[in-house]
Participant: 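First the structure, then my questions, so here it is.
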Amino acid sequence: MNQLIKKLRRYEIMLRKIANNHLQGDYQSIFKGAGLEFDDLRPYQYGDDIRTVEWKVSAKGHGTFVKTFKEDKDQSVYFLLDISGSQDIGSKEHKKIDTSKEVAGVLTLAAIHEGSQVGLISYSDQKEKIIVPGKGPRQAVKVIQGIFKHANKSLKTDLRGMFSFCLNLIKKRSIIIVISDFIDEDYQQPLKSLATKHDVIVIQVTDPLESALPSLGIIPVYDKEMEKTTWVNTAFGGFAKKIFQSFHQDRESLRDLCKKNQINYLQIDTRQDIVLPLMELFKIRNRSMKRG
């Protein structure tokens, strides 16, 4: 565990240095913006978000007023980690679940460094591990142990159940960082609902094997979640092309869903070093904070 934390900390320090150099010291922006408390009312100005209008006060006829907010110092950052069987895809050296855990671990250290409260929810088709938010180095170790040492109860996927569970569990507006391959169906509505209540970041982890299946003839394909083997003719009827198209269509659909619902989206490939993709996330968050 000590070696693991040292490795994650090296990533985190590297990330912070690069971000500070490129974002003029605004590295912490990824963990800001969600925890807002009502502060005061002021007259409406051109360009204000109509969602901040206080209609009851405005209806009294003394002008249109909007709510102002201040940062909530006790905001929480939750890592919502999909640990289902579909994450166990990739090379022997590095699978999607390995990338997912590394990303969660590095961002845990980054959030703790910035003084945020950090919690963890690991999920398959059921709740696997829950760590309530807390601050400080001990919390960082606790969360990282929860990420890397947990043994699955199930290998099945239920993203709809995962998002619905979080909607019921997390009452106070928080930053929720979802790390998953998003290989599932019928999860869109609860994800949208989650984004209306919280500041949601989606990190989709992918692997080349998902979209670039070679033509190998008839091969056995083992479904780890269902625990069964199906024989597939990879050389028949443009099988590889259909796999490729399906993968990219699903990814574009998720990207569009995020864009329409003010969810920050990032894709990370298992072949990539995680530092540069995470820098993109900081840039995305930095731009959205400035727009806000």
Side-chain angles (χ1 to χ4, degrees), residues 19 23-80 107 110-111 114-119 121 132-133 135 159-160 162-179 182 186-204 252-266 280-292:
L23 300 179
Q24 290 77 50
D26 203 17
Y27 164 79
Q28 73 277 12
S29 64
I30 186 172
F31 306 114
K32 292 198 172 187
L36 300 174
E37 295 179 311
F38 173 73
D39 183 33
D40 203 353
L41 292 173
R42 64 163 173 78
Y44 174 86
Q45 297 174 2
Y46 178 76
D48 283 339
D49 190 336
I50 194 169
R51 290 173 296 182
T52 64
V53 173
E54 176 49 81
W55 295 108
K56 288 183 179 179
V57 175
S58 302
K60 294 178 181 178
H62 302 295
T64 304
F65 291 85
V66 295
K67 302 174 192 173
T68 61
F69 300 87
K70 62 182 179 181
E71 185 185 346
D72 178 2
K73 299 296 184 182
D74 291 322
Q75 72 172 10
S76 295
V77 178
Y78 283 88
F79 290 94
L80 182 46
L107 292 181
E114 297 300 337
S116 296
Q117 294 193 98
V118 178
I121 300 170
V132 297
K135 292 185 178 184
L159 293 182
R160 183 181 182 87
M162 179 170 77
F163 297 137
S164 298
F165 176 78
C166 288
L167 274 167
N168 291 324
L169 179 70
I170 307 170
K171 301 302 181 185
K172 185 178 179 182
R173 185 168 170 82
S174 305
I175 295 176
I176 299 179
I177 302 175
V178 185
I179 305 173
F182 286 86
D186 199 29
Y187 62 80
Q188 290 82 359
Q189 190 54 52
L191 176 58
K192 287 194 278 187
S193 298
L194 200 66
T196 61
K197 288 183 65 177
H198 302 283
D199 184 359
V200 178
I201 299 168
V202 157
I203 299 178
Q204 184 179 26
E252 286 306 311
S253 295
L254 176 60
R255 197 194 303 266
D256 289 344
L257 175 75
C258 291
K259 188 175 182 179
K260 289 175 183 175
N261 291 276
Q262 296 183 307
I263 299 170
N264 295 139
Y265 171 85
L266 177 73
E280 285 303 309
L281 179 59
F282 291 132
K283 289 176 183 176
I284 291 167
R285 296 285 288 177
N286 202 48
R287 287 195 297 268
S288 65
M289 291 301 124
K290 286 178 179 177
R291 285 198 301 269

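No experiment lies behind these values; they were computed from the predicted model shown. The basis for the numbers below is simple: all heavy atoms, side chains too, and nothing from hydrogens, waters or symmetry mates.
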Participant: Just verifying a value: how many Å separate N261 CG and S193 OG, rounded to the nearest 0.5 Å?
Facilitator: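 Taking CG in N261 and OG in S193, the distance rounds to 9.0 Å.
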Participant: Taking the side chain as C-beta and beyond, is there a heavy-atom pair between L80 and F163 under 4.5 Å?
Facilitator: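 A side-chain contact exists here, since the closest heavy-atom pair is under 4.5 Å.
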Participant: Main chain of K56, side chain of E54: is a donor-acceptor contact present, judged purely on distance under 3.5 Å?
Facilitator: yes
Participant: Which pair of heavy atoms, one from K197 and one from I170, lies closest together, and at what distance?
Facilitator: NZ-O, 3.9 Å
Participant: List the residues meeting side chain to side chain contact (heavy atoms under 4.5 Å, CB included) with K259, not counting sequence neighbours, and say none if there are none.
Facilitator: none
Participant: Using every non-hydrogen atom in the two residues, find where R173 and T196 come nearest and quote the distance to one decimal.
Facilitator: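 Reported closest heavy-atom pair: NH1-O, 4.1 Å.
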Participant: Which residues satisfy the ring pair (Phe, Tyr, Trp, His ring centres under 6.0 Å) test with Y265, sequence neighbours excluded?
Facilitator: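 For Y265 there are no ring pair (Phe, Tyr, Trp, His ring centres under 6.0 Å) partners, ignoring immediate neighbours.
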Participant: With rounding to the nearest 0.5 angstrom, report the CD1 to CG distance, I201 to L281.
Facilitator: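 Taking CD1 in I201 and CG in L281, the distance rounds to 5.0 Å.
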Participant: So, does H198 use its side chain to make a donor-acceptor pair with the main chain of S174 at under 3.5 Å?
Facilitator: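 Confirmed, H198 side chain pairs with S174 backbone.
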Participant: Just so I know, are the side chains of S76 and V118 near enough to count as touching, which here means a heavy-atom distance under 4.5 Å?
Facilitator: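 The answer is no, as the side chains (C-beta and beyond) never meet within the 4.5 Å cut-off.
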Participant: Considering non-hydrogen atoms only, spot the tightest contact between Y187 and R160 and give its length.
Facilitator: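 Between these two residues, the closest heavy atoms are CB-N, 3.8 Å.
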Participant: Between P43 and F65, what is the shortest heavy-atom contact and its length?
Facilitator: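 Of all heavy-atom pairs spanning P43 and F65, the closest is N-CD2, 3.8 Å.
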Participant: Within the 4.5 Å heavy-atom criterion, are I175 and R285 side-chain neighbours or not?
Facilitator: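 Contact flag for I175/R285 side chains = yes.
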Participant: To the nearest 0.5 Å, how far apart are CG in L159 and CG in L191?
Facilitator: 9.0 Å
Participant: Would you say V200 and N264 make side-chain contact, with heavy atoms under 4.5 Å?
Facilitator: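 No. Closest side-chain heavy atoms not under 4.5 Å.
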Participant: May I ask you to check whether over 12 heavy atoms, not counting those of K171, lie within 6.0 Å of atom NZ?
Facilitator: yes
Participant: Would you say I179 and V202 make side-chain contact, with heavy atoms under 4.5 Å?
Facilitator: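 Not touching, per the 4.5 Å side-chain cut-off.
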Participant: Compare every heavy atom of M162 with every heavy atom of V178, then report the nearest pair and how far apart it is.
Facilitator: CG1-CE, 4.2 Å
Participant: Could you give me the CA-CA distance, side-chain angles and deciding distance for V77 and L107, then say whether side chain to side chain contact (heavy atoms under 4.5 Å, CB included) is met?
Facilitator: CA-CA 10 Å; V77 178; L107 292 181; over 6 Å; no
Participant: Residues in side chain to side chain contact (heavy atoms under 4.5 Å, CB included) with Q45, at least two apart?
Facilitator: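 Only R42, D48 meet the side chain to side chain contact (heavy atoms under 4.5 Å, CB included) criterion with Q45.
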Participant: Is there a side-chain contact between Y78 and I177, using heavy atoms and a 4.5 Å cut-off?
Facilitator: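 Heavy-atom side-chain distance check fails, nothing below 4.5 Å.
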Participant: In Å and rounded to the nearest 0.5 Å, what is the OG1 to OH distance from T52 to Y44?
Facilitator: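 If we round to the nearest 0.5 Å, T52:OG1 and Y44:OH are 8.0 Å apart.
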Participant: Under the side-chain contact (heavy atoms from CB on, under 4.5 Å) test against L194, which residue among I263, D199, L167 passes?
Facilitator: L167
Participant: Could you measure the distance from the SG atom of C258 to the NZ atom of K192? Nearest 0.5 Å is fine.
Facilitator: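 Here the rounded value is 11.5 Å.
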